[in-house]
Amino acid sequence: MPTFPAHDGTVLAYHVEGEGEPLVCLPGGPMRASAYLGDLGGLTADRRLIRLDLRGSGDSAVPDDDATYRCDRLVDDVEALREHCGFDRADVLAHSAGANLALLYAAAYPARVKSLVLVTPGARALGIAATREDWRGAVALRRGEPWYEAGRTAWEALLGGAEPDDLWPDAVPFMYGRWDAAARKHAADDAHQTDPHARGGYYTEGAFDPDAARRALAALEAPVLVLAGEYDGAPTPARAREIAAVFPHGAAAVQPGAGHYPWLDDPGAFRRTVAGFLLIGGPPP
């Protein structure tokens, strides 16, 4: 397991798997160990994945200063990884909450980004967030599932401001296109892959300046793919198109039958879409 020092001396770990051109992968959670990304649906056959464990997560060290967990403070960790690996420019893939970090990185270091793949992204950095109606619409798509009624009740409580601890087991099936054994294990792993303290620092006040980010990204030359799952509530396909429209070379794609983790729901479809984009700079036909 290779490591490198961040600019403040925190030792960060990353994991390398696969063949081909490198693809820097930033995990979501927020602050979940990058192990949950796995091989991204077999994308390792096309690309050499470089999965970063953000500080305080996975195999990376806990920083001395808790303030450095904030999303905007992590931008320099991504740049330190690029410098350590010796890339002039990097293709970057980010999932969920990690997309906010990728957006801030692209805004701060646009010349270092070759392309950007945002998988079911969070976009608070752009001032774009899922609404209650987004989630209610996504939930309604799952009518007929055996877990639907209990899950719908749980989501209504969550949307009303209830704490997630006791509700999440009923709500989490909506995050997956198929609530099978693999999805259950993937969901259960979250508990030991995420430090709540690190997660709590990611979105602290001051992390985002959406107007500044939008201005910077409006000039981004790199192609950007925003990939949504048909059944996801954050982002919905419509919200993904809104995110893609921020970029001069942005495109949105929707994976049918997928939730928030599309590489698990249909690995082949995910790999074709992402590998095709990385090859030609746009979603495959």
Side-chain angles (χ1 to χ4, degrees), residues 6-10 12 14 24-34 36-37 51-58 60-82 90 92-110 112-113 116-132 134-135 158 161 163-164 190 193-220 222 224 226 233-235 239-240 242-244 246-247 250 260:
H7 295 303
D8 66 349
T10 304
L12 304 180
Y14 62 101
V24 173
C25 301
L26 304 179
M31 306 298 279
R32 185 171 177 179
S34 68
Y36 84 96
L37 296 172
R51 295 189 284 104
L52 176 62
D53 282 341
L54 301 177
R55 55 180 56 215
S57 72
S60 289
V62 173
D64 293 332
D65 183 0
D66 286 352
T68 62
Y69 286 133
R70 201 173 75 175
C71 184
D72 60 321
R73 301 285 297 275
L74 300 174
V75 167
D76 286 337
D77 289 354
V78 180
E79 177 62 2
L81 172 63
R82 185 201 61 79
V92 178
L93 179 148
H95 174 244
S96 191
N100 290 293
L101 175 56
L103 290 165
L104 295 185
Y105 179 74
Y109 296 99
R112 299 303 188 184
V113 177
L116 193 58
V117 179
L118 305 176
V119 180
T120 59
R124 296 191 197 186
L126 301 175
I128 299 173
T131 67
R132 288 182 175 87
D134 287 346
W135 275 113
L158 290 170
E163 291 297 321
D190 189 12
Q193 289 177 336
T194 309
D195 182 330
H197 185 67
R199 172 177 281 178
Y202 191 78
Y203 287 129
T204 50
E205 185 177 356
F208 305 125
D209 182 343
D211 290 339
R214 283 173 173 265
R215 285 194 299 271
L217 294 171
L220 185 69
V224 180
V226 182
R239 200 69 65 193
E242 180 183 353
I243 295 168
V246 169
F247 306 97
H260 199 61

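In what follows, residues are counted from 1 in the order of the sequence shown.
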Step-by-step side chain to side chain contact (heavy atoms under 4.5 Å, CB included) determination, L26 to L93: CA-CA 6 Å; L26 304 179; L93 179 148; over 6 Å; no
Write down the atom of [X], the atom of [Y], and the distance for their closest heavy-atom approach.
{"X": "G127", "Y": "P210", "value": "N-CB, 3.5 Å"}
{"X": "A216", "Y": "A107", "value": "CB-CB, 3.8 Å"}
{"X": "L118", "Y": "A99", "value": "CD2-CB, 4.0 Å"}
{"X": "L52", "Y": "Y14", "value": "CA-CB, 4.2 Å"}
{"X": "A94", "Y": "A102", "value": "CB-CB, 3.6 Å"}
{"X": "G29", "Y": "A97", "value": "N-CB, 4.1 Å"}

Spacing of T68 atom OG1 and D76 atom CG [to the nearest 0.5 Å]: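 These two atoms lie 11.0 Å from each other.
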Nearest 0.5 angstrom please: R214 CZ to I128 CD1, how far?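 One finds 4.5 Å between CZ of R214 and CD1 of I128.
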With the side chain counted from C-beta on, respond yes when [X] and [Y] share a heavy-atom pair under 4.5 Å apart, and no when they do not.
{"X": "I243", "Y": "V224", "value": "no"}
{"X": "Y202", "Y": "N100", "value": "yes"}
{"X": "P235", "Y": "T120", "value": "yes"}
{"X": "V24", "Y": "L81", "value": "yes"}

Test item: [X] side-chain N/O and [Y] main-chain N/O as donor-acceptor pair under 3.5 Å:
{"X": "D53", "Y": "S34", "result": "yes"}
{"X": "R70", "Y": "E205", "result": "yes"}
{"X": "H95", "Y": "C25", "result": "no"}
{"X": "R55", "Y": "P63", "result": "no"}

Does the side chain to side chain contact (heavy atoms under 4.5 Å, CB included) test come out yes or no for D65 and D8, once each step is laid out? CA-CA 9 Å; D65 183 0; D8 66 349; 5.8 Å; no
Please test D190 against R199 for salt bridge (charged side-chain N to carboxylate O under 4.0 Å, His left out), starting from the C-alpha separation and ending with a verdict. CA-CA 12 Å; D190 189 12; R199 172 177 281 178; 3.5 Å; yes
Mind checking whether H197 and Y69 have parallel, tilted or perpendicular rings, split at 30° and 60°? perpendicular
Test F208 against every option in L126, L104, D72 by the side-chain contact (heavy atoms from CB on, under 4.5 Å) rule and name the one that passes.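 Considering L126, L104, D72, a side-chain contact (heavy atoms from CB on, under 4.5 Å) with F208 is found only for L104.
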Have a look at R32 and tell me which of L37, D195, L54, T194 forms a side-chain contact (heavy atoms from CB on, under 4.5 Å) with it. T194
Verdict with reasoning, T204 to R73, per side chain to side chain contact (heavy atoms under 4.5 Å, CB included): CA-CA 11 Å; T204 50; R73 301 285 297 275; over 6 Å; no
Residue pair L158, W135: steps toward the side chain to side chain contact (heavy atoms under 4.5 Å, CB included) verdict: CA-CA 10 Å; L158 290 170; W135 275 113; over 6 Å; no
Using a cut-off of 6.0 Å, state whether more than 12 heavy atoms not belonging to R82 lie near its atom CZ. yes
Any side-chain donor paired with an acceptor under 3.5 Å for D77 and Y105?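 Looking only at side-chain atoms, Y105 and D77 do not form any donor-acceptor pair under 3.5 Å.
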